Amino acid sequence: MATAVIWIPAEIDPVEPALAKCLDYNRRRGYRLEGIVRGPWESVSYMVTNREVEVVIVSDLAYMPSVPIPRIEVADD
């Protein structure tokens with residue numbers, strides 16, 4: 001089972017729709033959720049770099065970071 005974190009960028013307001021979408025996506029995929037991070041990309045990138053999580057879930061393609069990481073999934077399917 002992959003480990004995941006939900007990333008909610010700081011500029012998203014209100015957060016509830018994005019969070020609900022990501023939580024549902026995580027549930028459907030069966031990932032072990034390590035947490036929800038709200039803030040700039042740097043606030044979650046260390047989790048990926050240190051291999052604390054395998055998947056970062058974002059609510060929309062528009063919030064993908066400009067720096068590539070191994071696995072980011074958009075909760076849009």
Side-chain angles (χ1 to χ4, degrees):
M1 174 186 320
T3 57
V5 64
I6 293 172
W7 175 48
I8 307 290
E11 64 268 14
I12 294 180
D13 188 40
V15 301
E16 290 81 6
L19 182 57
K21 186 177 186 180
C22 291
L23 286 169
D24 180 61
Y25 181 84
N26 183 77
R27 179 191 54 78
R28 288 184 285 122
R29 295 290 186 191
Y31 297 144
R32 186 176 70 234
L33 185 62
E34 292 295 317
I36 300 163
V37 177
R38 180 166 166 83
W41 170 246
E42 293 76 23
S43 62
V44 75
S45 65
Y46 77 91
M47 296 177 81
V48 176
T49 303
N50 292 332
R51 300 180 195 264
E52 295 174 27
V53 297
E54 298 168 82
V55 180
V56 176
I57 302 171
V58 297
S59 63
D60 192 279
L61 191 58
Y63 300 115
M64 294 285 283
S66 59
V67 293
I69 68 162
R71 191 165 171 189
I72 300 176
E73 296 183 11
V74 179
D76 212 20
D77 63 348

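These figures come from a predicted structure and were not determined experimentally.
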Step by step, would you call Leu33 with Leu23 a side-chain contact (heavy atoms from CB on, under 4.5 Å)?
-> CA-CA 9 Å; Leu33 185 62; Leu23 286 169; 3.8 Å; yes

Please report, to 0.1 Å, the donor-acceptor pairs under 3.5 Å made by any side chain of residues 10-22, with sequence neighbours excluded.
{"unit_1": "Lys21", "atom_1": "NZ", "unit_2": "Ser59", "atom_2": "O", "d": "3.0"}
{"unit_1": "Lys21", "atom_1": "NZ", "unit_2": "Asp76", "atom_2": "OD1", "d": "3.1"}

Return yes if some donor-acceptor pair links the side-chain N/O of Asp60 with the main-chain N/O of Ala62 below 3.5 Å, else return no.
->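 Here the side-chain-to-backbone pair exists.
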
For residues 1-8, which side-chain N or O atoms pair as donor and acceptor with protein atoms under 3.5 Å away, sequence neighbours left out?
{"unit_1": "Thr3", "atom_1": "OG1", "unit_2": "Glu54", "atom_2": "N", "d": "3.2"}
{"unit_1": "Trp7", "atom_1": "NE1", "unit_2": "Gly39", "atom_2": "O", "d": "2.9"}

Would you please name every residue forming a side-chain hydrogen bond (donor to acceptor under 3.5 Å, both in side chains) with Arg32, sequence neighbours left out?
->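 Arg32 satisfies side-chain hydrogen bond (donor to acceptor under 3.5 Å, both in side chains) with Glu34 once adjacent residues are dropped.
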
Do Val56 and Trp41 have side chains that get closer than 4.5 Å, going by heavy atoms?
-> yes

